[in-house]
Number of protein chains: 2
Amino acid sequence: MKFESVTIKDIAKVLHLSTSTVSRALRDSYEISEETKKLVVDYAKSVNYRPNPSALNLKKRRSRTLGITISEIANSFFSQIIAGVESVAKEKGYNVIISQTFENFEREQEAVRNLSQSVDGMLISLSSETKSLEHIEELQQRGMPIVFFDRIAKNLEGHKVRSNNHKGAFDATEHLIHNGYKRIAFIGNPDNLAIIKERKRGYDEALEFHQIPHREDYVKYCQHGGLSYEEVEMVMQDLLSLDEPPQAILSCADKITTNCYRYLYKHHIKIPDQMALIGFSNLDLTEFLNPSLSIIQQKAVTMGTQATELLIQQIESKRPVVDYSEIVLEPDFFARDSSKGH
Amino acid sequence: MKFESVTIKDIAKVLHLSTSTVSRALRDSYEISEETKKLVVDYAKSVNYRPNPSALNLKKRRSRTLGITISEIANSFFSQIIAGVESVAKEKGYNVIISQTFENFEREQEAVRNLSQSVDGMLISLSSETKSLEHIEELQQRGMPIVFFDRIAKNLEGHKVRSNNHKGAFDATEHLIHNGYKRIAFIGNPDNLAIIKERKRGYDEALEFHQIPHREDYVKYCQHGGLSYEEVEMVMQDLLSLDEPPQAILSCADKITTNCYRYLYKHHIKIPDQMALIGFSNLDLTEFLNPSLSIIQQKAVTMGTQATELLIQQIESKRPVVDYSEIVLEPDFFARDSSKGH
DNA sequence: TTGTAGGCGTTATCAC
DNA sequence: GTGATAACGCCTACAA
């Protein structure tokens, strides 16, 4: 089953013109007479002519396509990011190809390498399991414009758009402390991710500031980013089986937050009385949950639009970009019942 | 800023071979000696050679890209669909380009026409405002494989994957009736959509079956699919200002359901005592809402995978497809507190 | 077993 | 003002 489409050649044949004339007429070149232009344009419209993108790409050595690498689409944070990316991309005439890593390093390498030939530039949020950055560095060195967002690569150059993760975690932890919680656990993705390091630092510093002793057994990392319920379940069991279990949890990813909530619900552990919960999340209805969920919400759509604007700017820049921006977005904090004082 | 990549020509030059030999060696042709093959393949790997997709596409007259047209990405139902689509597409070596219509007819026409040159086939869920189908028919006639899902086009040929909308709405309505509700309102997208007609029919027939009189003023359509809160707000105000307002609502789209919930919450109308609510939704945490939300949940991921499998099958079929399948997925029904009897 | 040449659809360069 | 030609990267008859 093949889709047959009209080409410049077809038009040229019908109108008894050369392909070059048709091409020029369609692009409104000054060299072509108004008469011929009108003839060609009208006919092209009547047969619904559209230039073949592959031919154009081959010729122009660009694809007007952006690649975006994220952990998972079915995650409110990332689907909001994509919404932002798509809106700017479409507006500027770019398509977007999405690659999911499912927090897996090999998949990320694969994705990045595959994308490399199809796109003019890439938006990357690292996977939880990413340890080495060579696959990305190599592309950068060959001139691929890459903008990092959310889970940025600390040690690579390039435009970056991220949240103020330190502040988000610090404020949330402090909020718990103010509400009377002292035994506060931290659950995050693995801390090879800079954002998790930052959030951990925020958590640490809030404890320190309020002279609450650190406890290493209150700090947990989900190697797979809490993608599966089971992963979070194990962490929760660990925490609850401690001699002195925590009274509150700070969760550092959308999936972890919802899976914690699910766990507590399932095991009839009352929130916040038996366990307070506050987490990073971009879900829609958290305020209507029972109890309503306290969240640190990132400006996801904005993150998507800003990152895309920077990327397109870099792609279309005449000279190599040397001066990179790092945009930091302030997260919004919503204190609700799940972290109420007792 | 241009991304320089290695071509077959480069390899040929370095190895003192012709481009055809390199091309054949890379594709493991029987004509090439093992020796040469190894030489070429090893070198290609060492320089990270990837064929240029545009050149391949131009040559093969296909793009190994699928287009999908939906109303909005930031909608749990559609992001689950996309997750399903991506998984099958990636597995079979296809990329996916997403187009959002935001329920607008012109955007849909634009999207479909733009996509037409870039993709080998399309997955389409119609927009709420779509009235004519010429833009789609035209492509079909020129041989573009198109699979309809969710909001299918009743009068066009093609593979179709949808939910059993009639049953979903019938069961939900009957459930409300069993729980003692008689004054039941229906809120949906515009009924030029076949799925809404079907859901309306399910609602109608359940009422009829239980000998509950119809009331036209209980039936409301959101022209823009409830995308904005304000649209749903107006409908709710209409319903509540009736002499005899409804006691329960059946909502027919994810966005409408959540916006109804939001409205009731905001106006301190107790669910279900003052107004029961049940709706089509694929949101994640509905069971933990306060009160927990009764939903009709569609098999979104499956819908995505099945539609994509059909599409790729049609694209890769040697002979024109004449025998179209219509897959009907049974929705899952979760009765919860928001529709409890009083 | 390897090389040469032509073409996929488009645009740019050069001629007329 | 218009037309012929080459080139973008790849593949595939056909030739050698």
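Lettering of chains follows the sequences in order, A, B, ..., and the numbering in each one begins at 1.
- A residue-by-residue look at B/T21 and B/K59 shows that B/T21 has its nearest nucleotide of DNA chain C further toward the 5' end.
- Put simply, the side chain of A/S63 gets close to the backbone of A/S118: a donor and an acceptor are under 3.5 Å apart.
- Along DNA chain C, the nucleotide nearest A/T19 and the nucleotide nearest B/S20 are compared for position; the residue whose nucleotide lies closer to the 5' end is B/S20.
- A donor and an acceptor atom, one from each side chain of B/S128 and B/E103, are located under 3.5 Å apart.
- Remark: C1' of C/dC8 and CG of A/N52 are 8 Å apart, rounded to the nearest angstrom.
- Residue B/Y49 is classed as a sugar-phosphate contact, given heavy-atom separations below 4.0 Å to backbone atoms only.
- The distance between atom CD1 of A/I8 and atom C1' of C/dG7, rounded to the nearest whole Å, is 16 Å.
- In this structure, the NE2 atom of A/H16 is 11 Å from the P atom of D/dG3, given to the nearest Å.
- Distance A/D10 CG to C/dC8 P: 10 Å, rounded to the nearest Å.
- Side-chain polar atoms of B/S29 and B/E31 form a donor-acceptor pair below 3.5 angstrom.
- Which of C/dC8, C/dT11, C/dT4 sits closest to the side chain of A/L56 comes down to C/dT11.
- A straight line from NZ of A/K60 to P of C/dG9 spans 17 Å, rounded to a whole angstrom.
- Judged by distance alone, with hydrogens and angles left aside, the side-chain atoms of A/Q314 form no donor-acceptor pair with the main-chain N or O of A/P145 at under 3.5 Å.
- Within the structure, every side-chain polar atom (N or O) of B/R50 is placed at least 4.0 Å from both OP1 and OP2 of D/dG9.
- When the P atom of D/dG1 is taken as reference, atom CG of A/D28 falls 13 Å away, rounded to whole Å.
- Taking the nucleotide of DNA chain D with the nearest heavy atom to each of B/R27 and B/S54, the more 5' of the two is matched to B/S54.
- Residue contacts shown for A/T36 are limited to sugar-phosphate atoms, with no base heavy atom under 4.0 Å away.
- One finds a side-chain N or O of B/K9 lying less than 4.0 angstrom from the OP1 or OP2 phosphate oxygen of D/dC8.
- One finds a side-chain N or O of A/S23 lying less than 4.0 angstrom from the OP1 or OP2 phosphate oxygen of C/dT11.
- Between B/R61 and the phosphate of C/dG9, there is a side-chain N or O to OP1/OP2 separation shorter than 4.0 Å.
- A/K13 places its NZ atom 13 Å from the P atom of C/dT10, with the value rounded to the nearest Å.
- Proximity of a side-chain donor or acceptor of A/E157 to a complementary backbone N or O of A/Y324 within less than 3.5 Å is not detected.
- What separates CZ of A/R24 from C1' of C/dC14 is a distance of 10 Å, to the nearest Å.
- Looking at the side chain of B/L58, the nearest of the listed nucleotides C/dT10, C/dG3, D/dG9 is D/dG9.
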